[in-house]
A.B. asks: 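Can you keep this structure in mind? I'll have questions shortly.
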Amino acid sequence: TIESNAAVTLYAVYADVTPGTPSNIFTEGFDDCNGTGGNDDTWSGSIASKELASNFNDWSLENQYAAKGCVRLGKSSNGLGSAQTPAITLTGSATLTFRAGAWNGSSENTNLKLSATGATLDKSSVTMEKGSFTEYTVAITNATGSVNIKFEGNAQSNSRFFLDDVAVSQTSVIKSNYATTCSAQLSTPEFSGATDGETYDESKNITITAEDGATIYYTTNGDNPTGE
């Protein structure tokens, strides 16, 4: 017996990937800095003169001074300012955000250098505004477990800047799996060398042809094939 139009069921699994909610894995608001300048809207003159410890909150700081809820870095002459974060545990990609503003002086440099160890930043510098904060966003990629991010003035002199609200956040990935099925029909196999339903006393050479990819099962005693 020839079975025609055999049904074939296909089963497929899909995965939808959607971004989750960003979560901060590192933050520093310099709230313990109780000096003047920056957040009190003063950007020059006799401000931010109280020196901070070079390891303030486990940061690595150079030429650092307490301003109003932020930190001022750098001197007017012979004093390059820099701030390097503590080690941040991070793998893969993340986002760095921070606020920075330049000292409001006529000859002040507004270029702020950015670098990282243990990761790659998509910006190596940003341009600050004199006398106001600007919020910046930098993509972090290729993080390998322990990451330090450094902010540095552009020159030894007249590169003073204020830094605040440094944060590194990472967005989790949500995967949802689902399955679907579909059916297809196979055409009837073709026989040559004999006629279906007839009985022969002599030997016959019979050829059975099916679609590409199909498997042929047959019996010689009239029973239906089982696929075994």
Side-chain angles (χ1 to χ4, degrees), residues 17-43 47-48 52-74 80-104 108-154 159-174:
V17 178
T18 55
T21 303
S23 58
N24 286 333
I25 57 177
F26 175 82
T27 59
E28 177 61 78
F30 299 103
D31 295 335
D32 294 334
C33 293
N34 56 1
T36 55
N39 286 315
D40 59 7
D41 206 28
T42 56
W43 296 87
I47 60 172
L52 279 176
S54 60
N55 61 347
F56 175 82
N57 285 0
D58 295 324
W59 283 65
S60 178
L61 305 172
E62 294 287 341
N63 295 307
Q64 67 285 347
Y65 301 88
K68 183 65 174 179
C70 59
V71 62
R72 178 205 127 191
L73 298 136
L80 178 65
S82 67
Q84 180 174 281
T85 66
I88 303 169
T89 301
L90 176 62
T91 301
S93 300
T95 301
L96 165 68
T97 57
F98 63 95
R99 296 194 306 139
W103 184 274
N104 194 9
E108 213 68 27
N109 196 298
T110 58
N111 189 59
L112 178 62
K113 296 178 180 178
L114 308 174
S115 60
T117 57
T120 302
L121 306 181
D122 74 338
K123 294 182 178 72
S124 59
S125 66
V126 296
T127 300
M128 299 176 291
E129 294 290 333
K130 292 181 181 180
S132 65
F133 275 118
T134 302
E135 183 170 338
Y136 302 92
T137 300
V138 179
I140 304 171
T141 56
N142 305 318
T144 57
S146 182
V147 177
N148 297 91
I149 300 169
K150 188 174 184 179
F151 308 84
E152 187 176 50
N154 193 61
S159 288
R160 291 166 287 184
F161 65 97
F162 295 82
L163 180 67
D164 198 8
D165 295 332
V166 179
V168 175
S169 63
Q170 195 166 36
T171 302
S172 59
V173 174
I174 301 173

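Since we're looking at a predicted model, the values are computed, not measured.
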A.B. asks: Quick check: do Leu96 and Phe98 have side-chain heavy atoms less than 4.5 Å from each other?
C.D. replies: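 Of all side-chain heavy-atom pairs linking Phe98 with Leu96, at least one is under 4.5 Å.
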A.B. asks: Side-chain contact test, heavy atoms from C-beta onward, threshold under 4.5 Å: evaluate it for Glu152 versus Ser115 and give yes or no.
C.D. replies: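 They are not in contact (no side-chain heavy atoms under 4.5 Å apart), so the answer is no.
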A.B. asks: Distance check, rounded to the nearest 0.5 Å: Thr137 atom OG1 versus Glu135 atom CD?
C.D. replies: 5.5 Å
A.B. asks: Just by distance, do the side chain of Asn104 and the backbone of Trp43 share a donor-acceptor pair under 3.5 Å?
C.D. replies: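 A pair under 3.5 Å: no.
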A.B. asks: Please answer whether the main-chain N or O of Ser93 pairs with a side-chain N or O of Gln170 as donor and acceptor at a distance below 3.5 Å.
C.D. replies: yes
A.B. asks: Return the CG to CG distance between Leu61 and Leu163, rounded to the nearest 0.5 Å.
C.D. replies: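 Here the interatomic distance stands at 9.0 Å.
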A.B. asks: With rounding to the nearest 0.5 angstrom, report the OG1 to NZ distance, Thr117 to Lys150.
C.D. replies: 10.0 Å
A.B. asks: Between Asn39 (side chain) and Lys68 (backbone), is there a donor-acceptor pair under 3.5 Å?
C.D. replies: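 Present.
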A.B. asks: What verdict does the side chain to side chain contact (heavy atoms under 4.5 Å, CB included) test give for Ile149 and Val138, after you've listed the backbone C-alpha separation in whole Å, the side-chain angles of each residue and the deciding distance to 0.1 Å?
C.D. replies: CA-CA 11 Å; Ile149 300 169; Val138 179; over 6 Å; no
A.B. asks: One pair to check against side chain to side chain contact (heavy atoms under 4.5 Å, CB included): Asn57 and Phe30. What are the steps and the verdict?
C.D. replies: CA-CA 9 Å; Asn57 285 0; Phe30 299 103; 5.9 Å; no
A.B. asks: Please determine whether the number of non-hydrogen atoms from other residues, nucleotides or ligands lying under 6.0 Å from atom NZ of Lys130 exceeds 12.
C.D. replies: yes
A.B. asks: Can you find a pair of side-chain heavy atoms, one from Leu80 and one from Glu62, that are under 4.5 Å apart?
C.D. replies: no
A.B. asks: Please give me the minimum heavy-atom distance between Cys33 and Leu52, naming the atom from each residue.
C.D. replies: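 Nearest heavy atoms, Cys33 then Leu52: SG-CD1, 3.7 Å.
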A.B. asks: Okay, side chain of Asn148, backbone of Thr85: is any donor-acceptor separation there less than 3.5 Å?
C.D. replies: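 Yes, the answer is positive, given that a donor and an acceptor are paired below the 3.5 Å cut-off.
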A.B. asks: Any heavy-atom pair between the side chains of Val126 and Phe151 that's under 4.5 Å?
C.D. replies: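 Not touching, per the 4.5 Å side-chain cut-off.
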A.B. asks: Is the backbone of Gly74 close enough, under 3.5 Å, to the side chain of Arg72 for a donor and an acceptor to pair up by distance?
C.D. replies: yes
A.B. asks: If every non-hydrogen atom of Ile25 is compared with every non-hydrogen atom of Thr89, which pair is closest and at what distance?
C.D. replies: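 Looks like CD1-O, 4.0 Å.
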A.B. asks: If I take atom SG from residue Cys70 and atom CD from residue Glu28, how far apart are they, to the nearest 0.5 angstrom?
C.D. replies: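 Nearest 0.5 Å value for the SG-CD distance: 11.5 Å.
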A.B. asks: Where do Phe161 and Gly81 come nearest, in terms of heavy atoms and distance?
C.D. replies: CE2-O, 3.7 Å
A.B. asks: Once rounded to the nearest 0.5 Å, what's the spacing between atom CD1 of Ile140 and atom OG1 of Thr120?
C.D. replies: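 Rounded to the nearest 0.5 Å, the CD1-OG1 separation comes to 10.0 Å.
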A.B. asks: Are Thr144 and Thr91 close enough that some pair of their side-chain heavy atoms sits under 4.5 Å apart?
C.D. replies: no
A.B. asks: If we only count heavy atoms from C-beta on, is the Thr97 to Ser169 side-chain gap below 4.5 Å?
C.D. replies: no
A.B. asks: Nearest heavy-atom pair of Val147 and Ala143: which atoms, and what distance?
C.D. replies: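 Minimum heavy-atom separation between Val147 and Ala143: CG2-CB, 3.9 Å.
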A.B. asks: Assign the ring pair Phe162 / Phe133 to parallel, tilted or perpendicular, where the plane angle (0 to 90°) is split at 30° and 60°.
C.D. replies: perpendicular
A.B. asks: How close do Lys123 and Leu114 get, heavy atom to heavy atom, and via which atoms?
C.D. replies: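 Looks like O-CB, 3.8 Å.
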A.B. asks: For residues Gln64 and Leu73, determine if any side-chain heavy atom of one lies less than 4.5 Å from a side-chain heavy atom of the other.
C.D. replies: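 Counting from C-beta outward, Gln64 and Leu73 do come under 4.5 Å.
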A.B. asks: Taking side chain as C-beta onward, heavy atoms only, is Thr134 less than 4.5 Å from Met128?
C.D. replies: no
A.B. asks: Please give me the minimum heavy-atom distance between Asn111 and Asn109, naming the atom from each residue.
C.D. replies: N-OD1, 2.9 Å
A.B. asks: Would you sort out whether Lys113 and Asn154 count as a side chain to side chain contact (heavy atoms under 4.5 Å, CB included), showing the intermediate values?
C.D. replies: CA-CA 6 Å; Lys113 296 178 180 178; Asn154 193 61; 3.4 Å; yes
